[in-house]
*Asks:* 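Structure provided below as structure tokens; questions to follow.
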Amino acid sequence: MYLTKEEEKTLRGEDGETLQKAIEILVALGDIYGADALIPIKSAQVSGVSYKTIGDAGIEWISDLKGTVKVPTVLNPAGMDMDNWERLGIDPKFAAKQIEIINAFGSLGIEPKCTCTPYYLSGFDVQYKDHLAWGESSAISFSNSVLGARTNREGGPSALSAALVGKTADYGFHKTENRTPNIEITVDFETAGSDYGALGYIAGKIVGSKIPLFKIKSVPSKDEMKMLGAAMAASGAVALYHIDGVTPEITDKEFVYEKPAESVSIEKKDIDAVYESANESTMANDIVTIGCPHCSKAELAQIADLLEGKTVVKEFWVFTSRELAGQNKDLVDRIEASGAKVVCDTCMVVSPAANKYQCMMVNSGKAYAYVPSMCGSKATYGTVERCVKDATGEI
């Protein structure tokens with residue numbers, strides 16, 4: 001693996017121990033996966049932020065690091081709403097640890113923005129073919145697939161190392177030849193809304209870590225593609241997918257690929273089965289959550305419209321980024337007028353706040369895949385409309 005003189009200097013420790021450790025991680029990954037060099041990145045997103053998932057060992061590791069990140073860097077969702085953690089019943093001891101983690105990241109120059117949708121953040125734009133080092137699975141899928149940028153599925157240490165060095169190893173999805181589809185999925189029926197979460201939940205189990213090319217009858221919105229990719233990353237390990245005639249890379253005439261040899265079809269009955277199997281239980285939902293990944297402005301507007309003039313009869317949490325909530329205070333106020341809570345910086349999966357509930361209704365294939373193992377509760381699946389009706393006691 002070729003290193004510049006400056007990179008060799010860093011590797012020898014002449015720029016300090018933290019940068020030496022960081023570039024050692026990047027070089028080790030590059031050697032394992034056959035990279036020939038390090039390449040500059042435009043931005044980074046670091047996972048492993050919630051105290052629920054990294055514990056005291058994670059705090060100790062982050063706190064030992066010194067220096068400043070070289071590129072704009074934000075964080076994955078934390079374990080609580082950083083400004084309003086008491087509202088969801090977070091233990092003060094947990095809160096203190098979570099604040100310590102965020103402060104430790106902040107000391108490295110990382111912006112304390114905790115979201116799984118960094119592409120919504122102002123000043124954090126992503127362009128076609130930009131090289132990134134992102135760590136959250138749904139964000140990786142969205143950037144690779146919907147935006148046509150390039151990132152591998154980084155772990156917390158490797159994303160942070162890339163942020164500190166300003167570079168990452170040039171392998172995997174950074175290489176055009178590794179981005180070609182190798183399985184075709186036909187969806188020959190109309191799909192909309194949470195159907196894409198169910199589709200992703202099914203497809204992820206089928207394709208694992210392959211790169212699917214979807215032939216879809218409907219044309220999905222970016223929010224729907226966000227839900228599709230998030231679910232495939234959770235039920236499988238999909239970091240990149242293409243949609244024929246829709247996603248930017250597959251419509252680029254310079255992107256040359258052969259028709260995948262392997263093909264499968266997903267039928268409407270398969271999607272219907274996700275809704276039906278998720279709702280077979282006689283156990284009543286005692287909480288409803290939306291926002292995995294974090295809600296966009298359009299999704300907040302839809303929820304606000306559906307809740308207009310209604311009152312929730314159970315806990316109803318809507319997750320989004322703090323920045324987006326601040327930019328759309330009118331929508332937040334309309335949602336919260338119903339008694340629902342708009343929660344920032346976290347989500348139902350990485351926060352311990354959801355652990356006390358027995359049965360959670362979600363509209364996300366990703367949450368449907370993760371809630372049983374991460375929160376210890378049953379998950380039921382439904383459309384946004386059904387989620388609102390359940391929360392307001394209409395069903």
Side-chain angles (χ1 to χ4, degrees), residues 45 115-121 124-130 132 134 136-151 153 173 179 181 183-207 209-252 255 266 270-271 274 290-302 319-321 324 347 362-369 381 383-384:
Q45 185 224 20
T115 179
C116 50
T117 55
Y119 40 84
Y120 291 150
L121 298 175
F124 212 74
D125 64 309
V126 176
Q127 301 298 319
Y128 185 51
K129 293 188 178 180
D130 280 347
L132 316 171
W134 285 14
E136 198 279 328
S137 62
S138 73
I140 291 163
S141 175
F142 192 92
S143 61
N144 272 328
S145 313
V146 182
L147 303 177
R150 300 184 173 198
T151 179
R153 192 168 182 167
F173 293 123
R179 298 175 64 87
I183 182 170
E184 186 174 283
I185 300 178
T186 301
V187 183
D188 193 22
F189 56 92
E190 297 293 337
T191 44
S194 60
D195 292 345
Y196 285 94
L199 175 60
Y201 180 77
I202 296 165
K205 291 184 175 184
I206 294 171
V207 306
S209 60
K210 294 176 184 176
I211 302 174
L213 169 61
F214 284 91
K215 302 275 189 174
I216 299 182
K217 188 172 184 180
S218 304
V219 178
S221 68
K222 285 188 176 180
D223 281 331
E224 289 169 336
M225 288 189 279
K226 175 182 73 174
M227 302 299 281
L228 172 66
M232 284 194 289
S235 65
V238 178
L240 166 65
Y241 67 90
H242 304 284
I243 299 178
D244 190 43
V246 176
T247 49
E249 198 159 26
I250 212 72
T251 56
D252 186 343
F255 183 66
I266 294 177
D270 301 318
I271 302 295
V274 175
I290 292 177
C292 179
H294 280 170
C295 288
S296 66
K297 179 180 179 179
E299 289 169 319
L300 290 178
Q302 180 187 16
F319 296 95
T320 191
S321 71
L324 200 145
C347 78
V362 299
N363 75 316
S364 156
K366 176 183 177 180
Y368 183 58
Y381 189 78
T383 63
V384 173

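Quick caveat, the model's predicted, so the values are computed rather than measured.
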*Asks:* Looking only at the side chains, is there a donor atom on one of His294 and Thr115 sitting less than 3.5 Å from an acceptor on the other?
*Replies:*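 Yes, because at least one side-chain N or O of His294 sits under 3.5 Å from a partner of the opposite role on Thr115.
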*Asks:* If you look only at pairs with a residue in residues 231-252, which of them pass as a salt bridge (Lys or Arg N to Asp or Glu O under 4.0 Å), with sequence neighbours excluded?
*Replies:*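 For residues 231-252, and leaving out neighbouring residues, the salt bridge (Lys or Arg N to Asp or Glu O under 4.0 Å) pairs sorted by first residue read Arg150-Glu249, Arg179-Glu249, Lys215-Asp244.
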*Asks:* Could you name each residue pair satisfying salt bridge (Lys or Arg N to Asp or Glu O under 4.0 Å) that touches residues 220-234, not counting sequence neighbours?
*Replies:*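 Checked against salt bridge (Lys or Arg N to Asp or Glu O under 4.0 Å) - neighbours excluded - the pairs reaching residues 220-234 are Asp223-Lys226, Lys226-Glu299.
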*Asks:* Does any non-hydrogen side-chain atom of Val146 lie less than 4.5 Å from one of Tyr241?
*Replies:*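 A side-chain contact under 4.5 Å exists here.
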*Asks:* What I'd like to find out is whether the side chain of Ile250 reaches to under 4.5 Å of the side chain of Phe255, using heavy atoms alone.
*Replies:*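 They are in contact (side-chain heavy atoms under 4.5 Å apart), so the answer is yes.
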*Asks:* Just so I know, are the side chains of Gln45 and Ile140 near enough to count as touching, which here means a heavy-atom distance under 4.5 Å?
*Replies:*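 A side-chain contact is absent here, since even the closest heavy-atom pair is not under 4.5 Å.
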*Asks:* Establish, from distance only, whether the side-chain atoms of Tyr196 and Thr191 form a donor-acceptor pair under 3.5 Å.
*Replies:*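 Side-chain D/A pair, Tyr196 to Thr191: present.
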*Asks:* State, yes or no, whether a side-chain contact exists between Leu147 and Pro248 at a heavy-atom distance under 4.5 Å.
*Replies:*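 SC-SC contact between Leu147 and Pro248 ruled out.
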*Asks:* Between Tyr368 and Tyr381, what is the ring plane arrangement, given parallel below 30°, perpendicular above 60°, and tilted in between?
*Replies:*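 Judged by the thresholds at 30° and 60°, the geometry between Tyr368 and Tyr381 is tilted.
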*Asks:* How long is the span from the CG atom in Leu300 to the CZ atom in Phe319, to the nearest 0.5 Å?
*Replies:*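 Going from CG on Leu300 over to CZ on Phe319, the span is 12.5 Å.
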*Asks:* Flag the pair Ile266 / Thr186 as yes when at least one side-chain heavy-atom distance between them is below 4.5 Å, and no otherwise.
*Replies:*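 Contact flag for Ile266/Thr186 side chains = no.
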*Asks:* Just so I know, are the side chains of Ile290 and Cys295 near enough to count as touching, which here means a heavy-atom distance under 4.5 Å?
*Replies:*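 Side chain of Ile290 against side chain of Cys295, heavy atoms only: contact under 4.5 Å found.
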*Asks:* Under the ring-ring contact (aromatic ring centres under 6.0 Å, His included) rule, collect the residues that match up with Phe189, sequence neighbours excluded.
*Replies:*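 With neighbours one apart ignored, the set is empty.
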*Asks:* Please examine the side chains of Val207 and Val238, heavy atoms only from C-beta on, and report whether any two atoms are closer than 4.5 Å.
*Replies:*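 Yes, close enough: below the 4.5 Å cut-off.
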*Asks:* Just how far is it from atom CG of Leu199 to atom CD1 of Ile216, taken to the nearest 0.5 Å?
*Replies:*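 Reported to 0.5 Å precision, the distance equals 6.0 Å.
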*Asks:* With a 4.5 Å cut-off on side-chain heavy atoms, are Thr251 and Val246 touching?
*Replies:*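 Not touching, per the 4.5 Å side-chain cut-off.
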*Asks:* Between the main-chain N or O of Leu324 and the side-chain N or O of Ser321, is there a donor-acceptor pair closer than 3.5 Å?
*Replies:*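 Answer holds: yes.
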